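Reviewing the structure listed below.
In this text the structure is predicted, and so the values were computed from the model without any measurement.
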Amino acid sequence: MTELRSLDDTAPPDAPPADASVYLDHAATAPLTAAARAAMIEGMTHWANPSSPHAAGRAARAALERARTQVAAAYGWRHEALFTSGASESLTIALGRAVAGRRVVSAVEHDAALRAAGAAEVLPVDPLGRVDPARIGDVAGAVVAVQWCNSETGVRQPIAEIATAVRGRGGILVVDAAQMPASDELAAHADMVALSAHKRGGPPGVGALLVRDLSLLHPSGGQERGYRPGTENLPGALGYAAALAEPEPDHDELRARLDDLIRRSGGEVVGEGAERHAAIGSYRMPGVAAAAQLIRFDLDRIAVSAGSACASGSLKPSHVLRAMGWGEDAAREVVRVSFGRTTTAAEVERFAAAWRAVARTRRFAA
């Protein structure tokens, strides 16, 4: 990794040109990888309806099933894999059609999970946003949803311990792993896993629901083993499988450096002290609303966000931060920075310099 230089009021020699854009919102959506693009083009070139019985349809079906096998294998999953339109739909299926009498969600779940779960019981979190496995009570016959990595703060849940508690008490564990890189860790723990291609360098509009046993779900008829109607998105599935085959960089050092720069600039690192995703950082700039920060960063051609993309248009303070005990005013001062395959040390330096400039303006105004 390129060594990060000390931050000062001038851009480092290897910084992007001042008029170049810097994209630090990969948790919202990541650029399509070259391999994913090529796979999609190939799928479009030879595309036919995978449910058609003729030769072209059978060839499309074979390609779809290869992609299904590749996606499942990337997660070490030896059970069922259903293609969906993304993690939001996967959560809707898992929570809306689970053969279970109750729904239980953590207080920091993605909005898609909260909508799908309806009037669910809520698991509280500690000030760092973590579910305490010891506080998971009787969940017998319930489906329990936990987001492995929070999409706003990057805080990771102790998923192995949570799985032991949930499954040991007769519950069904649904893990939202949309923000996490491919890992076989979930194969030993989750009953269902919600995934999204466009967070991993695949195309938007496709994802997957990994299911340990299809008897956990009420079928709906149609395609995808009878659990999702509609023509299968073959080019999307091929692009997703190709993206998962590409390794992702380790951003630990980069995010640790940004944490340090934010602290030294008078900011607050959200979730500090918890295990966090190496590519997601959430930061508070005291006294400056996130909306004002985003305008300033955008004028500097730096793309970051405030909360998850699905809720970024809301005027309400983040329910995630509120569940962690944050007050409304402080919760409105937090932005999220997220890295991807293309993120460079110089881009992080440029964001930190812009952060300091905004914070300095606030101090002068005070």
Walk me through it: do H319 and D111 pass the test side-chain contact (heavy atoms from CB on, under 4.5 Å)? CA-CA 9 Å; H319 74 275; D111 283 345; 3.2 Å; yes
Check the pair I93 / Y227 against side-chain contact (heavy atoms from CB on, under 4.5 Å), numbers first and verdict last. CA-CA 8 Å; I93 294 172; Y227 289 84; 5.5 Å; no
For salt bridge (charged side-chain N to carboxylate O under 4.0 Å, His left out), just list the numbers for R130 and E275, CA-CA rounded to whole Å, side-chain angles, deciding distance to a tenth of an Å, and then say yes or no. CA-CA 9 Å; R130 301 169 300 192; E275 182 181 4; over 6 Å; no
Full working for side-chain contact (heavy atoms from CB on, under 4.5 Å) between V335 and M285: CA-CA 8 Å; V335 299; M285 185 184 295; over 6 Å; no
Under the criterion side-chain contact (heavy atoms from CB on, under 4.5 Å), I'd like the reasoning laid out for L123 against V144: C-alpha separation, chi angles, the key distance, then a yes or no. CA-CA 9 Å; L123 293 172; V144 182; 4.0 Å; yes
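The CG atom of N233 sits 10.0 Å away from atom OG1 of T84, with the distance rounded to the nearest 0.5 Å. If you take CZ on R263 and CD on E272, they are separated by 4.0 Å, rounding to the nearest 0.5 Å. Atoms CG and CE, on D176 and M192 in that order, are 13.0 Å from each other to the nearest 0.5 Å. Summarising the geometry, atom CZ belonging to F83 is positioned 11.0 Å from atom CZ belonging to R228; distances are rounded to the nearest 0.5 Å. For the atom pair NE2 (H277) and OG (S282), the distance works out to 13.5 Å, reported to the nearest 0.5 Å. A distance of 11.0 Å separates CG in L24 from CZ in R336, rounded to the nearest 0.5 Å.
Residues T153 and L321 form a side-chain contact, since some pair of their non-hydrogen atoms from C-beta on lies under 4.5 Å apart. In this structure the side chain of V22 never reaches within 4.5 angstrom of the side chain of F351, judged on heavy atoms. Put simply, the side chain of V334 reaches to within 4.5 Å of the side chain of W326, judged on heavy atoms. For the pair I136/V131, a side-chain contact is recorded, criterion being any heavy-atom separation below 4.5 Å from C-beta on. Considering only heavy atoms from C-beta on, Q147 stays 4.5 Å or farther from E152 through its side chain. Within the 4.5 Å cutoff, no side-chain heavy atoms of V175 are placed close to those of M180. With a 4.5 Å cut-off on side-chain heavy atoms, H189 and I162 do not count as touching. The shortest side-chain heavy-atom distance between R61 and S52 does not fall under the 4.5 Å cut-off.
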Under 3.5 Å donor-acceptor pairs involving side-chain atoms of residues 71-79, not counting sequence neighbours:
{"residue": "W77", "atom": "NE1", "partner": "E80", "partner atom": "O", "Å": "3.0"}
{"residue": "H79", "atom": "NE2", "partner": "R212", "partner atom": "NH1", "Å": "3.2"}

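V174 and L217 fall within a single hydrophobic cluster, where Ile, Leu, Val, Met, Phe, Trp and Tyr side chains are chained together by heavy-atom contacts under 4.5 Å. A continuous path of ILVMFWY side-chain contacts below 4.5 Å connects W148 to V193, so both sit in one hydrophobic cluster. Under the 4.5 Å side-chain heavy-atom criterion for Ile, Leu, Val, Met, Phe, Trp and Tyr, V337 and V288 are members of the same hydrophobic cluster.
Side-chain N or O atoms of S90 include one that pairs as donor or acceptor with a backbone N or O of A208 at under 3.5 Å. Formation of a donor-acceptor pair under 3.5 Å by the Q179 side chain with backbone atoms of N150 is not found in this model. Not a single donor-acceptor pair under 3.5 Å links the side chain of R350 to the backbone N or O of I302. Of the possible donor and acceptor atoms, one in the side chain of S318 sits under 3.5 Å from a partner among the backbone N and O of V320. Checking side-chain atoms of K199 against main-chain N and O of H26 turns up no donor-acceptor pair under 3.5 Å. Between the side chain of D191 and the backbone N or O of L173 there is at least one donor-acceptor pair closer than 3.5 Å. Under the 3.5 Å distance criterion, the side-chain polar atoms of R115 are left unmatched by any main-chain donor or acceptor of H110.
Under 4.0 Å is where a charged nitrogen must lie from a carboxylate oxygen, and between R257 and E253 no such pair does. With respect to R225 and E65, a salt bridge is recorded, a charged nitrogen being found less than 4.0 Å from a carboxylate O. Using a 4.0 Å cut-off between charged nitrogen and carboxylate oxygen, R255 and D259 count as a salt-bridge pair.
When all heavy atoms of P317 and R332 are compared, the pair lying nearest together is CD-NH2, 3.3 Å. The heavy-atom pair separating S220 from P229 by the smallest distance is OG-CD, 3.5 Å. In plain terms, the two heavy atoms of A48 and A56 that are nearest each other are CB-O, 3.6 Å. Minimum interatomic distance between I159 and E185 (heavy atoms only, all atoms of both residues): CG2-OE2, 4.1 Å. The two residues A145 and L95 have their closest heavy-atom pair at CB-CD2, 3.9 Å. Scanning all heavy atoms of the two residues, the minimum distance from A87 to A194 falls at O-CB, 4.1 Å.
Side-chain atoms of S106 and E109 form a donor-acceptor pair, as typed in the model, at a separation below 3.5 Å. If you check the side chains of Q223 and T231, you find no donor sitting under 3.5 Å from an acceptor.
Contacts of H198 classified as ring-ring contact (aromatic ring centres under 6.0 Å, His included), with partners at least two apart in sequence or in another chain: none.
Within 6.0 Å of CG on D329 lie no more than 12 heavy atoms contributed by other residues, nucleotides or ligands.
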